[in-house]
There are 2 protein chains.
Amino acid sequence: MTVIFSKKCEYGLQAVLYLAAQISREVIPAEVIANKLSIPKEFVSKILQSLTENGIVISQKGKSGGFAIAKDPKKIKLIDIVAAIDGLSMFNNCVMGFPNCNPENPCPLHDKWGELRSKAYSMLTDENLDNFREKTLRKISNL
Amino acid sequence: MTVIFSKKCEYGLQAVLYLAAQISREVIPAEVIANKLSIPKEFVSKILQSLTENGIVISQKGKSGGFAIAKDPKKIKLIDIVAAIDGLSMFNNCVMGFPNCNPENPCPLHDKWGELRSKAYSMLTDENLDNFREKTLRKISNL
DNA sequence: TATAAATCAGACCAAAACATCCGGTATATG
DNA sequence: CATATACCGGATGTTTTGGTCTGATTTATA
Ligand code: FES
Ligand code: FES
C-alpha cells in the first residue's frame, strides 16, 4: 500500500514533520508521537533512534526523555530524511526495472520518467521543514 | 531497489512490452522471454499466466507453446498492466503515508504530489504499446 | 501413437519489510 | 537515594514479496 517510500520512511517523514512543527524544542516521548500520528510506537521509536545518527533529531534518555528536532527546521529538507532511510536509489533507477538507466540506453519511458523524478526530487528539496509547519499541524490535527 | 512498481509489475511490464514489440504473433516460451530480459524464468511465467486472465496476453499450452500478446498493441496501454498487477492505489494515496488523501485534507506535499502523480498516470495512459516498439527493441537489444 | 516441450495450479522456500519485545542503562524528579 | 520513565541495542516474531519446484495436463510434431 505504500506509494513510493517504504513504511519506515513514511513514518519517519511524518514524525520529523511533527517534531519540526512544534514551537518548543522540548523533547517528546515516542509514545506521544506515535499516538498523535496513529502509528506503531515501537516502530517509530526505532526509526527516530536511527535518525539521531544522522543529526536530524536528538534524543534525551531517562525520565521525561524523548525526541526533538536537532537543528533549525529551516536547515532540514525532506530529502534528508528520505536519504537517511530509503536512500536515493529511486532517483537513479529505471521505472520499469530495466538495468542501466541512462540517456544512452533509455527504455520507452526514460524521458518522461526522468522529468517526473527530477520534479519529485525538487519537491523534496525546494522547501525546508519550516515552510511546512502550518500545513503539518492542520493535517495532523484532523487525523 | 524497486522504484514505484513491485518487481512483479516491473517484470510484467518488460515482458508484455517485449511481446508487443514482436512482428509476428507467434507464441514465445517463457524461458526465451526470461533469457532475453535476464529475469527469472519461473517468475515471469507465473506473471504472464496471471495476465492471461486479464486478456492482455494469450498462452498456448503443450509443445511449441508459449505466450503472445492477446490483442493489437495499439489497444493496450501500460496502465492496463499496472492495474492488473499492482492495482491503482498508488494514484490515490498520500505520498507520505498520511491517511485520507484529498484536497480537503492535504498534507504539506499534497498539491505538488497531486500534479506529479497525475503526470505519472498520463505517462502510462497517453501512449499505447505500439508506440513503444522501436524503443523497446533497442533497449532489450543492448541488455 | 509416443514423445518432447510447454503451460498451469499449487505447494513450497527465502529474503525483505514490518513490527514487537526484552533487558540494560540513563536521568529527571520526588 | 529511590523510583519511574524513557531511550537504546539486539533478538525475535509476523507478514508480504520475491522466487523455485513438482506433478499434472496439454499439444505439436516426429
Ligand atoms: S531506462 Fe527506464 S527510466 Fe531510464
Ligand atoms: S494528503 Fe499527502 S499527498 Fe494527499
Side-chain angles (χ1 to χ4, degrees), chain A residues 1-16 19 26-70 82 84-87 89-90 96-97, chain B residues 1-15 19 26-35 37-70 82 84-87 89-90 96-97:
Chain A
M1 271 313 156
T2 104
V3 175
I4 57 176
F5 304 126
S6 67
K7 273 256 166 280
K8 222 157 141 172
C9 192
E10 287 183 353
Y11 293 160
L13 287 164
Q14 293 180 27
V16 173
L19 291 176
E26 278 166 27
V27 297
I28 299 176
E31 186 163 15
V32 173
I33 300 169
N35 288 339
K36 295 276 183 196
L37 297 170
S38 313
I39 62 183
K41 160 189 137 187
E42 329 278 352
F43 201 16
V44 79
S45 171
K46 277 255 167 285
I47 295 164
L48 288 171
Q49 277 167 43
S50 85
L51 288 178
T52 60
E53 291 161 19
N54 298 275
I56 294 170
V57 302
I58 52 148
S59 68
Q60 187 186 337
K61 297 181 192 175
K63 185 163 181 178
S64 74
F67 297 93
I69 203 80
V82 172
I85 301 177
D86 276 356
S89 68
M90 70 149 290
M96 292 198 281
Chain B
M1 271 314 156
T2 119
V3 175
I4 57 177
F5 304 127
S6 67
K7 273 260 167 278
K8 219 157 140 172
C9 193
E10 286 183 354
Y11 293 159
L13 287 164
Q14 293 180 26
L19 292 177
E26 279 166 27
V27 295
I28 299 176
E31 186 163 16
V32 172
I33 298 169
N35 288 339
L37 297 170
S38 313
I39 62 182
K41 160 189 138 186
E42 327 278 352
F43 201 17
V44 78
S45 170
K46 276 253 169 286
I47 296 164
L48 288 171
Q49 275 166 45
S50 86
L51 288 177
T52 60
E53 290 162 18
N54 298 275
I56 294 171
V57 304
I58 52 147
S59 68
Q60 188 186 335
K61 297 182 194 174
K63 183 161 184 175
S64 75
F67 297 93
I69 203 77
V82 172
I85 301 178
D86 276 356
S89 69
M90 70 149 292
M96 293 199 280

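Throughout, a chain's letter reflects where its sequence line sits, starting with A, and its residues are numbered from 1.
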- What is the distance, rounded to the nearest whole Å, between atom NZ of B:Lys61 and atom P of D:dT25? 11 Å

- Query: Can you check whether A:Val44 reaches A:Pro40 side chain to side chain, under 4.5 Å on heavy atoms?
  - Reply: no

- Query: How long is the line joining CD1 of A:Ile58 and C1' of D:dC8, in whole Å?
  - Reply: 16 Å

- Item | Those residues of residues 49-57 of chain B lying under 4.0 Å from DNA chain C by at least one heavy atom | B:Gln49

- Task: Among B:Ile4, B:Val3, B:Thr2, find the residue that satisfies the side-chain contact (heavy atoms from CB on, under 4.5 Å) test when tested with A:Ile4.
- Result: B:Ile4

- Report, as yes or no, whether the 6.0 Å neighbourhood of atom NZ on B:Lys8 holds more than 12 heavy atoms from other residues, nucleotides or ligands. no

- Item | N or O in side chain of A:Gln60 less than 4.0 angstrom from D:dA6 OP1/OP2 | no

- Message: It should be established whether A:Ser45 places a side-chain nitrogen or oxygen under 4.0 Å from OP1 or OP2 of nucleotide D:dC8.
- Response: no

- Query: Considering the options A:Gln49, A:Glu42, A:Lys41, which one meets the side-chain hydrogen bond (donor to acceptor under 3.5 Å, both in side chains) requirement together with A:Ser45?
  - Reply: A:Gln49

- Work out which heavy atom in A:Phe67 is nearest to a heavy atom in A:Leu19; give both atom names and the distance. O-CD2, 3.6 Å

- Item | Residue pair A:Ser64 / A:Val27: nearest heavy atoms and the distance that separates them | O-CG2, 3.6 Å

- Query: CD1 of B:Ile47 versus C1' of D:dT20: gap in Å, rounded?
  - Reply: 13 Å

- Message: Categorize A:Gly62 for me: base, sugar-phosphate, or nothing, with a 4.0 angstrom heavy-atom threshold over every strand shown.
- Response: base

- Query: Closest heavy-atom contact between A:Phe5 and A:Asp86?
  - Reply: CA-OD2, 3.4 Å

- C:dT7 C1' sits how many Å from B:Leu48 CG, rounded? 11 Å

- Specify the residue among B:Ser64 and A:Ile28 whose closest nucleotide of DNA chain D lies further upstream toward the 5′ end. A:Ile28

- Message: Can you give me the closest heavy-atom contact between B:Gly12 and B:Ile47, atom names plus distance?
- Response: CA-CG2, 3.8 Å

Nucleotides 13-22 of chain C: which of its N/O atoms have a protein N/O under 3.5 Å away?
residue	atom	partner	partner atom	Å
C:dC18	OP1	A:Lys7	N	3.3

- Query: Taking the side chain as C-beta and beyond, is there a heavy-atom pair between A:Leu51 and A:Ile85 under 4.5 Å?
  - Reply: yes

- Message: Which nucleotide wins on minimum distance to the side chain of A:Lys63, given the candidates D:dA6, D:dT26, C:dA28?
- Response: C:dA28

